Amino acid sequence: MPDILSNENLKFLSELSKSYPNRRAVLNEIINLNAILNLPKGTEHFMSDLHGEHEAYLHIRRNASGVIRRKVDMLFSKSVTAKERAELATLIYYPEEKLEEIKELTENTNDWYSITLQRLILICRTVSSKYTRSKVRKCLKRVSEGCDYIIDELLNNGNEEINKVQYYDSIVDTVISIGSAEQLIIAICSAIKSLVIDHLHIVGDVFDRGARADIIVDELMKESSLDIQWGNHDVLWMGAAAGSRTCIAAVLNNSITYKNLDVLEIGYGISLRPLSLFANEQYSDSDVSHYMPKGNTDGDFLKQDDDKLIACMHKAISIILFKLEGQTILRNTEFQMDNRLLLDKIDPKKGTVTIDGKEYTLNNTDLPTVDWNNPYALNDAETRVMNYLKNAFMRSEKLQKHVSFLFEKGEMYTIFNNNLLFHGCIPLNENGEFIKFNCANGLYGRDFMDYCDRMARQGYFAKDGTVERQQGKDFLWFLWCGKNSPLCAREKITTFERLFIDDETAWIEPKNAYYNSWNDEKIADKILAEFSLGKDGSHIINGHIPIKSKRGEAPIKANGKLIVIDGGFCQAYQSTTGIGGYTLIYNAEGIRVSAHEPFKGRLNAIRNNIDIISDTVVFEHADHKILVKDTDKGKELQRKIDDLTLLGQAFEQGVIKEKAQH
């Protein structure tokens, strides 16, 4: 039993008594917290590798990976047609757009409003049933735009309240008569979507490949309970926002490769005109056939006729990138990446490059901006372009806001309810031992991951112009593509080889040994132990490497200890994976994985009520319903109960004076 009279306890209890000034207040809160402990745990959703695919992400978030449609079917399968259920589900996902369509097609809208409101309230009551009224009210206040009181009243219309039937009916009738039905419908739909997911985990790579990562971040910022584990593409943008010219060049190289420029020009207001002018001047007469964009031609920024200009921009920025990467490697010898210094290994007369002792023929040696006596130096024009771009990235208010959010909600790894979440890998050698990193004074495993987290933050938050800031910015680039980086998880990234060498054997990017061991339960247990997690009931959850479902590969590995949830949100990977992404769902009943079909577009979903079909596999069913007391939150609440119990004893013994409740 703690000593109430100790100075430390007295000081703490005195402070606690400001919130709970007497025994009645303490008792009420203990009763409340004990009740919460015995509620079912909230539903966690895990998603990874969104890669800027905003339409697919938004739809799956709106339909809660198929959970909302299952609720609709569960409640109305015997009373409502399949077509009407599909329309009701689409209404919940896209209420504003669907309402406009329904008004054009429905003769008696008032009857439709009345029926729909009753159905929506029933769904909302179902998804809110596992929460306290206090939590539901807070959610309603946050998302329902002034309709929280009305929804709260309607939600608490139980069947037993016969005397209030007329009261509740009159609320609905009045809402319709004063023209507020649509506002209330939109508010209830928002509440349903918010309540159906209690906590969202994003296991890395919000950025790159897809069109509008900025739209995804805007939506993530609206979540009430969220964590993010940084991916390699995320830290690259974080480094760019910090002003790393190397990261900026890599961001532009990726974006231009996939003709994905809307996120820069429209999303973040970063003009690429100086780069396009420079590229046109330097490379318009150059062979750029190997630099043609791979992405779609539907973007708003540049159209098909501009592919030659995009290819020139791609060549210009890639040469700048290889120069800046060389400078970064040369000033960070501890990264042990000298084998990626390739510009000085080119023989321009022979048209060859020597990589790891092997000579390769180059498909292109027309590099007018390279000084072969000093190949890693930017020329004056390149310097001006990069200085402009650095200022543009650092002065983009929206980008800085988004990256600050990634630092606030994100980290290298997360431990949550006995699960270990990270994007790429915990670096291992071929013997299954943790790699010790010279760049971190020999740290490995969890200590190295913590070091990476500190260095990433140093790169953004240290004072600009200091040695610490530059070291942190360089480390953000290392996390993006460094040898055995836990986020890159490869020996090397062969961007240079893919552009300059036709021999595809040079393109190979050996994965870290972690991926050779991820089916080994002993390795999974070893990693879990490194993060102070036990063998039973704990899991590793990560993304980064797409699971090739169409070849029969399963996302569940190491006898259920490791789950990989990169299933191909990004369209570029769907030909390989055969699906449109995974979602992991962890609720009071256990854990299940949903595999989604590729998304066919937002307009198709709205007009035709076409949902993403999800194939769900329950791979771990709980022996008993998991309650709040079984979670991290439950442990936190139990500690508070213990503190309040101690405060109650202090009141009883007269050690702390009781006061009236204000």
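Note that the structure is a prediction, hence the values are computed from the model and not measured.
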Please check this pair: side chain of [X] against backbone of [Y], looking for a donor-acceptor N/O pair closer than 3.5 Å.
X      : Y      : answer
Lys193 : Tyr93  : yes
Lys315 : Asp287 : yes
Ser271 : Arg273 : yes
Ser485 : Cys481 : no
Glu530 : Arg446 : yes
Lys308 : Ser284 : yes
Asp198 : Glu44  : no
Arg142 : Lys222 : yes
Asp262 : Ala211 : no
Lys345 : Leu341 : yes

Legend entry - Asn391: side-chain contact (heavy atoms from CB on, under 4.5 Å) partners, not counting sequence neighbours: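 Asn391: side-chain contact (heavy atoms from CB on, under 4.5 Å) contacts with Arg395.
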Inset, instruction - Give every residue pair that meets the side-chain hydrogen bond (donor to acceptor under 3.5 Å, both in side chains) criterion with at least one member in residues 242-252, sequence neighbours excluded. - result: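 For residues 242-252: Thr246-Thr328.
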Side-chain donor-acceptor pair under 3.5 Å between [X] and [Y], yes or no?
X      : Y      : result
Asp205 : His423 : yes
Asp366 : Ser286 : yes
His199 : Asp227 : yes

Let me confirm one number: the [atom1]-[atom2] distance from [X] to [Y], rounded to the nearest 0.5 Å.
X      : Y      : atom1 : atom2 : result
Tyr515 : Lys557 : OH    : NZ    : 11.5 Å
Asp214 : His402 : CG    : NE2   : 6.5 Å
Trp477 : Leu321 : CH2   : CG    : 8.5 Å

Is there a side-chain contact between [X] and [Y] (heavy atoms, below 4.5 Å)?
X      : Y      : result
Tyr57  : Ile215 : no
Glu408 : Met221 : no
Thr43  : Val196 : no
Gln229 : Asn542 : no
Asp356 : Lys492 : yes
Leu479 : Cys488 : no
Leu528 : Ile540 : yes
Ile256 : Leu261 : yes

Legend entry - Evaluation steps, side chain to side chain contact (heavy atoms under 4.5 Å, CB included), between Val353 and Ile501: CA-CA 9 Å; Val353 62; Ile501 300 171; 4.0 Å; yes
Sequence-distant partners of [X], ring pair (Phe, Tyr, Trp, His ring centres under 6.0 Å), two or more places apart:
X      : value
Trp237 : Phe207, Tyr268
His314 : Tyr291
Phe393 : none

Inset, instruction - Among Leu343, Ile346, Leu342, Leu367, find the one that has a side-chain contact (heavy atoms from CB on, under 4.5 Å) with Pro375. - result: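 So, applying the side-chain contact (heavy atoms from CB on, under 4.5 Å) to Pro375 and each of Leu343, Ile346, Leu342, Leu367, only Leu343 qualifies.
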Inset, instruction - Could you tell me if the ring centre of Phe500 sits under 6.0 Å from that of His290? - result: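 No; His290 has its ring centre 6.0 Å or more from that of Phe500.
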Inset, instruction - Could you tell me if the ring centre of Phe322 sits under 6.0 Å from that of Phe496? - result: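 So the answer is yes for these two rings.
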In terms of side-chain geometry, is the basic nitrogen of [X] or [Y] positioned less than 4.0 Å from the acidic oxygen of its partner?
X      : Y      : result
Glu509 : Arg498 : yes
Glu223 : Lys409 : no
Glu497 : Arg340 : yes
Asp380 : Arg384 : no

Inset, instruction - Check whether more than 12 heavy atoms from other residues, nucleotides or ligands sit under 6.0 Å from atom NZ of Lys401, and answer yes or no. - result: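 No, the 6.0 Å shell around NZ holds no more than 12 heavy atoms from other groups.
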Inset, instruction - Answer yes or no: does atom OH of Tyr444 have more than 12 heavy-atom neighbours from other residues, nucleotides or ligands under 6.0 Å? - result: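 Open.
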Inset, instruction - Provide the full list of salt bridge (charged side-chain N to carboxylate O under 4.0 Å, His left out) pairs with a residue in residues 458-484, sequence neighbours left out, each pair given once. - result: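 Found Arg331-Asp474.
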Legend entry - ring pair (Phe, Tyr, Trp, His ring centres under 6.0 Å), paired with Tyr451, selected from Phe478, Phe437, Phe475: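 Testing Tyr451 for a ring pair (Phe, Tyr, Trp, His ring centres under 6.0 Å) against Phe478, Phe437, Phe475 leaves exactly one candidate, Phe475.
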Inset, instruction - Have a look at Trp230 and tell me which of Phe422, Phe407, Tyr413 forms a ring pair (Phe, Tyr, Trp, His ring centres under 6.0 Å) with it. - result: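 By the ring pair (Phe, Tyr, Trp, His ring centres under 6.0 Å) criterion, Trp230 pairs with just one of Phe422, Phe407, Tyr413: Phe407.
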Inset, instruction - Show your reasoning for whether side chain to side chain contact (heavy atoms under 4.5 Å, CB included) applies to Leu389 and Leu272. - result: CA-CA 8 Å; Leu389 289 168; Leu272 299 183; 4.2 Å; yes
